> 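If you scroll down you'll find the structure; I have some questions about it.
Order of listing sets the numbers, starting from 1, for every ligand and every atom in it. Just so we're clear, the structure is a prediction, and the values are computed from it rather than from any experiment.
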Amino acid sequence: MGTIMIAIGGNAILNPEKGNPQEQQRLIDNTAGEIVEIIRKGYDVVLTHGNGPQIGNILAMQEECGLVHPQPLDVCGAQTQGLIGYLLQQSIGNRLKEKRINKQVVTLLTQVLVDDSCVSFENPTKPIGLYYPEFKARKMIENGIRMIMDKKGYRRVVASPMPKKIVEEEAIKDLVHSGIIVIAAGGGGIPVVRRNDILAGVEAVVDKDLTGSLLANAVGAETFLILTDVEKAALFYGKKNQVDIDEMTVSEAERYIKEGHFGKGSMEPKILAAVQFVRSGGKHAIISSLDKALQAIEGRAGTKITA
Ligand code: ADP
Ligand code: MG
């Protein structure tokens with residue numbers, strides 16, 4: 001059946017408003033159930049996931065505690081790979097056992113080389129973490145933290161450079177080719193740069209869909225499936241004349257991006273990631289919702305992006 005690369009949104013793992021552990025476990029089990037149905041069809045699965053709500057929680061804990069040194073963003077990202085990887089690995093493993101499928105699941109701590117020269121380091125624009133009231137935000141700004149204001153309050157902004165290469169891609173490929181289900185590059189990967197052959201973490205976050213597309217090509221996946229909370233990408237999204245897209249070519253997709261149809265930081269990176277995957281030799285990318293994952297693979301749901 002071939003290899004399928006699946007990227008799931010951070011909200012498929014934790015609802016930031018009802019983020020208690022029971023609710024988190026329920027969401028994880030639900031997600032694991034859908035993934036195992038895909039494995040049951042005979043696909044080799046590589047899974048990646050977002051970490052927005054989780055990294056936000058870690059930053060909030062550091063911010064509020066005041067008793068420990070805050071950790072840099074690469075370290076926070078690594079923590080979320082462990083946290084989410086553990087939950088998914090255990091839940092998928094339990095479900096496989098229940099269905100009598102003899103397969104192993106592993107989580108691989110993954111670093112991703114990012115574009116060192118990216119303008120986003122000078123001018124960070126990616127909002128993360130909690131919303132803060134003005135008095136608190138002022139204090140944070142005094143402490144050197146960059147913040148922006150939007151409708152709901154002040155939020156920290158960080159760099160989100162382009163991912164270039166997955167450091168552990170050979171190991172991931174070997175694992176997948178031995179029939180192991182791999183969870184990798186969580187949260188877009190731990191952002192690192194290489195200087196004089198030394199790897200070092202950088203203060204940034206990486207878009208998980210863009211890293212997912214790199215990984216999809218690296219493992220030779222035929223399909224790159226991006227699961228989110230809408231069933232299809234749309235033109236004129238949220239307007240009266242909204243049109244859901246069933247299928248588009250990469251050049252159509254690029255035209256729609258130029259026309260500004262997709263939300264910056266939400267749908268646009270997914271479309272870019274899909275285009276990048278197909279342009280680099282992937283067969284097709286599909287954007288769909290978690291509950292429609294199987295139907296999407298069978299061509300009965302989602303938005304398909306082809307050459
Ligand atoms: P994820 O955690 O899965 O990455 P995001 O919130 O980043 O989720 O992206 C999915 C969101 O993109 C949807 O909830 C939707 O509100 C938004 N979106 C923006 N533009 C579009 C569009 N043109 N069509 C569909 N959804 C869109
Ligand atoms: Mg997103």
> Heavy-atom contacts under 4.0 Å between K270 and ligand 1: side chain, backbone, both, or neither?
side chain
> Can an N or O of V230 be found at a distance shorter than 3.5 Å from an N or O of ligand 1?
no
> Give a yes or no on whether a salt bridge exists between E169 and K173, defined as a side-chain N under 4.0 angstrom from a carboxylate O.
no
> Mark up the atoms of ligand 1 that fall under 4.0 Å of a heavy atom belonging to H261, in ascending order.
23 (N)
> Does E268 reach ligand 1, in the sense of a heavy atom lying below 4.0 Å from it?
no
> Can you spot which of L87, L227, I13 makes a side chain to side chain contact (heavy atoms under 4.5 Å, CB included) with H49?
I13
> Please identify which of these residues, K232, K304, R300, meets the salt bridge (charged side-chain N to carboxylate O under 4.0 Å, His left out) condition with D246.
K232
> Strictly by salt bridge (Lys or Arg N to Asp or Glu O under 4.0 Å), give each pair with a member in residues 44-61 just once, sequence neighbours left out.
D44-K103
> Considering only heavy atoms of A233, which atoms of ligand 1 have at least one such atom less than 4.0 Å away?
24 (N), 25 (C)
> Considering non-hydrogen atoms of the protein only, which is the closest contact for atom 6 (O) of ligand 1, and what is the distance?
S266 CB, 4.1 Å
> Show the atoms of ligand 1 that are less than 4.0 angstrom away from any heavy atom in T228.
1 (P), 3 (O), 8 (O), 9 (O), 10 (C)
> Where on D229 is there a heavy atom closer than 4.0 Å to ligand 1, on the side chain, on the backbone, on both, or on neither?
side chain
> Could you tell me, atom by atom, which parts of ligand 1 come under 4.0 Å of a heavy atom of G263?
19 (C), 20 (N)
> Judged by modelled atom types alone, do N94 and Q90 share a side-chain donor-acceptor pair under 3.5 Å?
no
> What atoms in ligand 1 come closer than 4.0 Å to a heavy atom of A234?
22 (C), 23 (N), 24 (N), 25 (C)
> Does Q276 offer a backbone N or O that forms a donor-acceptor pair with the side chain of S280 under 3.5 Å?
yes
> Just jot down the ligand 1 atoms closer than 4.0 angstrom to any heavy atom of K232, in number order.
25 (C)
> With distance as the sole test, does Q81 use its side chain to make a donor-acceptor pair with the main-chain N or O of G186 at under 3.5 Å?
yes
> Consider every N or O of Y237 and every N or O of ligand 1, then say whether any pair is closer than 3.5 Å.
yes
> Does T48 reach the main-chain N or O of G212 with its side chain, forming a donor-acceptor pair under 3.5 Å?
no
